[in-house]
Amino acid sequence: MEKICVIGLGYIGLPLAGLLANNGFNVHGVDNNVKIVATINNGGPHIQESGLDILVKTAIQNGHLVAALQPVPADVFIIAVPSLITEKHLPDLKHIQEAIHSIAPHLTPGNLIILETTVPVGTTEKIAGWISELRRDLYLSQLPAPAAPLPGATEKQIFLAHCPERVLPGQILKELMENDRIIGGINQLSGEKARAFYQKFVSGGLLLTDARTAELTKLAENSFRDVNIALANELSYICDKFGINVWELIKLANRHPRVNIHQPGPGVGGHCITKDPWFIIDAAPDESKIIRAAREINDNRTNYVAARVKEKAACFKNPVIACLGLSYKANTGDLRESPALRIVQQLIQETVGQFLIVEPHLKTLPECLTQLNSVQLVNLQEALPQADLVILLVNHNAFQNIDHKLLKNKVVIDTRGTWRQ
Ligand SMILES: NC(=O)c1ccc[n+]([C@@H]2O[C@H](COP(=O)([O-])OP(=O)(O)OC[C@H]3O[C@@H](n4cnc5c(N)ncnc54)[C@H](O)[C@@H]3O)[C@@H](O)[C@H]2O)c1
């Protein structure tokens, strides 16, 4: 049975490890977080994702998946640790570097290393350099192994490819199998080896290219979404100026067969879109003016929403403000880079009023809010009758069909256009 070592058991690595373990592979999952390793070995995923609990439980029970703190020798190593940006929006690849250092002693000739993490252009080449430094006995080059002057290079060759992950949280397991994949080999043979691996469990297209193109393709995808949302946000300012309903405007514009404007909102959140465009901006600042402008427009959106709430709250003596939703997107409790959370935090810090938070996907408030006064986690039925202002921040299904009579005589700020008539 082919042995796969997956490094990083988060939103990407754990579903992938579970899927592989249920598709005939022997999977050794690695995470440097002791709690995560213990939770997985007890059969429970540490993240919420549709279908993941049963997949992980089955794989652990039948012994095809084991979680550990350290890698072991394997046939294929998959890197799914995070890439980060610093406060100054510079790339931080420390987790990837640590992961490479941890697998280096276990590499043997013929191994395939796949980097699934989204990275700046040139990172796969950097990884090849790190590995070559750490393991001078192995051959890893952008060029095919030469017959001479390095005798035996072919037998000592290892393979490296970047295959950026494109799944959508909420439907990760389906998309892991069905999405088309971009495979950028550090050389032709590496790409082909990676394609042969994915062919065993992916039904989507497997598209071969070079590593740099694969890296930039993923960054371009997320920048496209960021720019499109920034356009929608900018249109909402323009519509406000003319007294036009932006939601109706976009609905009508999108009836054009070649127009697809995204929706405005309280800002852009999540682990990926808030980070990935900065990898392009950092490396090509003069060439990425639209990408930078989009990042700034979307980042400033939370200040705009907070200012609107403050303006409306000023009409009340001691306003009770119901905030509906905290997560970064609908129907999840994922708070990573959530604009809703940022808005609520800012308003509470500025003591704008009493806050009732409704977040059906959380059992408790996050620590950054519990440290603050004037805030309670309540359900929708408790929040609405007491509230002077109702701020819809996340378009969870639970908020779609509320009785509009409950909003009568309240100031409503609907940042998602969910309740537009
Ligand atoms: N989450 C998504 O929706 C998504 C979608 C597409 C691509 N990606 C890419 O995948 C990357 C990983 O995303 P994620 O959401 O799975 O992150 P995550 O934070 O959920 O999981 C990463 C895991 O890696 C572990 N880790 C960090 N350094 C490690 C090391 N040196 N050795 C072992 N384990 C280590 C962490 O403890 C964590 O559990 C992202 O940075 C992004 O580039 C994510």
Side-chain angles (χ1 to χ4, degrees), residues 5-19 27-41 44-50 52 56 67-72 74 77-86 91-106 113-121 123-124 127 130 162-176 179-182 214-223 225-226 268-280 327-329 331-338:
C5 196
V6 179
I7 317 291
L9 298 174
Y11 284 88
I12 297 299
L14 185 58
L16 181 64
L19 190 73
V27 182
H28 181 89
V30 179
D31 204 287
N32 59 6
N33 182 319
V34 179
K35 265 194 196 161
I36 289 177
V37 169
T39 308
I40 295 169
N41 281 333
H46 62 100
I47 48 173
Q48 280 177 25
E49 178 60 39
S50 169
L52 187 63
V56 171
L69 288 166
Q70 292 298 331
V72 292
F77 292 85
I78 301 177
I79 312 290
V81 300
S83 54
L84 307 172
I85 50 166
T86 65
D92 176 354
L93 302 180
K94 69 171 181 237
H95 292 301
I96 297 175
Q97 202 162 7
E98 281 165 17
I100 295 298
H101 274 257
S102 74
I103 64 168
H106 303 285
I113 304 161
I114 297 175
L115 174 69
E116 288 217 350
T117 306
T118 310
V119 288
V121 175
T123 304
T124 312
I127 291 176
W130 296 336
H162 175 48
C163 180
E165 197 47 79
R166 309 161 117 181
V167 290
L168 180 72
Q171 45 194 63
I172 291 181
L173 292 174
K174 182 174 177 288
E175 293 205 356
L176 274 175
N179 284 358
D180 289 347
R181 280 175 179 268
I182 311 298
E215 289 162 345
L216 189 56
T217 303
K218 170 69 193 189
L219 301 180
E221 290 162 12
N222 279 350
S223 299
R225 295 174 64 204
D226 205 32
V268 171
H271 174 53
C272 296
I273 300 185
T274 51
K275 148 184 76 95
D276 297 346
W278 287 112
F279 290 163
I280 299 182
S327 60
Y328 87 86
K329 63 173 213 151
N331 306 321
T332 166
D334 192 342
L335 297 176
R336 291 186 293 174
E337 311 302 326
S338 166

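For ligands, and for the atoms within them, numbers begin at 1 and follow the listed sequence. Note that the structure is predicted; figures quoted are calculated from it, not measured.
Put simply, part of K275 is less than 4.0 Å from ligand 1, judged by heavy atoms. By the 4.0 Å heavy-atom criterion, A80 is counted among the residues contacting ligand 1. Using a non-hydrogen distance threshold of 4.0 Å, E116 does not register as a contact of ligand 1.
Atom numbering of ligand 1 starts at 1 in the shown order; those under 4.0 Å from a heavy atom of E98 are 31 (N). Of all atoms in ligand 1, listed by their number and element, those nearer than 4.0 Å to a heavy atom of S83 are 41 (O), 43 (O). Per-residue contacts place V167 under 4.0 angstrom from the following atoms of ligand 1 (heavy atoms of the residue considered): 5 (C). Residue contact check: G8 has heavy atoms under 4.0 Å from atoms 23 (C), 24 (O), 25 (C), 34 (N) of ligand 1. For ligand 1, the atoms lying closer than 4.0 Å to a non-hydrogen atom of H95 are 27 (C), 28 (N), 31 (N). Those atoms of ligand 1 with a heavy atom of I36 less than 4.0 angstrom away are 39 (O).
For Q171, the CD atom is densely surrounded, since the number of other residues' heavy atoms within 6.0 Å is greater than 12.
Protein heavy atom at the shortest distance from atom 11 (C) of ligand 1 is V81 O, 3.7 Å. Closest to atom 38 (C) of ligand 1 among all protein heavy atoms lies D31 OD2, 3.4 Å. In terms of protein heavy-atom proximity, atom 3 (O) of ligand 1 is closest to P169 CG, 3.3 Å. The shortest contact between atom 6 (C) of ligand 1 and any protein heavy atom is with E165 O, 3.2 Å. In this structure, atom 15 (O) of ligand 1 lies nearest to the protein heavy atom R336 NH1, 3.2 Å. In this structure, atom 26 (N) of ligand 1 lies nearest to the protein heavy atom N32 OD1, 3.5 Å. Among protein heavy atoms, atom 21 (O) of ligand 1 sits closest to G10 CA, 3.1 Å.
When non-hydrogen atoms are compared, ligand 1 lies under 4.0 Å from the backbone of P82 as well as from its side chain. Heavy atoms of I7 found under 4.0 angstrom from ligand 1 belong exclusively to the side chain. When heavy-atom distances to ligand 1 are checked against a 4.0 Å cut-off, K218 comes that close only through its side chain, counted from C-beta outward. In E221, neither the side chain nor the backbone holds a heavy atom less than 4.0 Å from any atom of ligand 1. Contact annotation for I47 and ligand 1: no heavy atom of the residue comes within less than 4.0 Å of the ligand.
Atom NZ of K218 is separated from atom OG1 of T117 by 10.5 Å, given to the nearest 0.5 angstrom. Annotation: the span from T217 atom OG1 to N222 atom CG amounts to 11.5 Å, rounded to 0.5 Å. Going from atom NE2 of H162 over to atom CG of L115 covers 5.5 Å, rounded to the nearest 0.5 Å.
When every heavy atom of A214 is checked against every heavy atom of P164, the shortest pair comes out as O-CG, 3.7 Å. Between I47 and P15, the shortest heavy-atom distance links the atoms CD1-CD, 4.4 Å. Across all their heavy atoms, P120 and L93 have their closest contact at CD-CD2, 3.8 Å.
The shortest N or O to N or O distance between D276 and ligand 1 is not under 3.5 Å. Between H271 and ligand 1, at least one pair of N/O atoms sits closer than 3.5 Å. Residue-to-ligand polar distances place Y11 within reach of ligand 1: an N/O pair is separated by less than 3.5 Å. By the 3.5 Å distance cut-off applied to N or O atoms, T118 is counted among the residues near ligand 1. At least one N/O-N/O distance between I12 and ligand 1 falls below 3.5 Å.
For the pair I280/L216, a side-chain contact is recorded, criterion being any heavy-atom separation below 4.5 Å from C-beta on. In this structure the side chain of F279 never reaches within 4.5 angstrom of the side chain of T123, judged on heavy atoms. R336 is not listed as a side-chain neighbour of K275, based on a closest heavy-atom distance of 4.5 Å or more. The shortest side-chain heavy-atom distance between K329 and D334 does not fall under the 4.5 Å cut-off. The side-chain heavy atoms of N32 and E98, taken from C-beta on, include a pair separated by under 4.5 Å. Between Q97 and W130, some side-chain heavy-atom pair lies under the 4.5 Å cut-off.
For the residue pair E215 and T124, a side-chain donor N or O sits within less than 3.5 Å of a side-chain acceptor on the partner.
Screening V268, D226, I85, L219 against P277 for a side-chain contact (heavy atoms from CB on, under 4.5 Å) leaves a single residue, D226.
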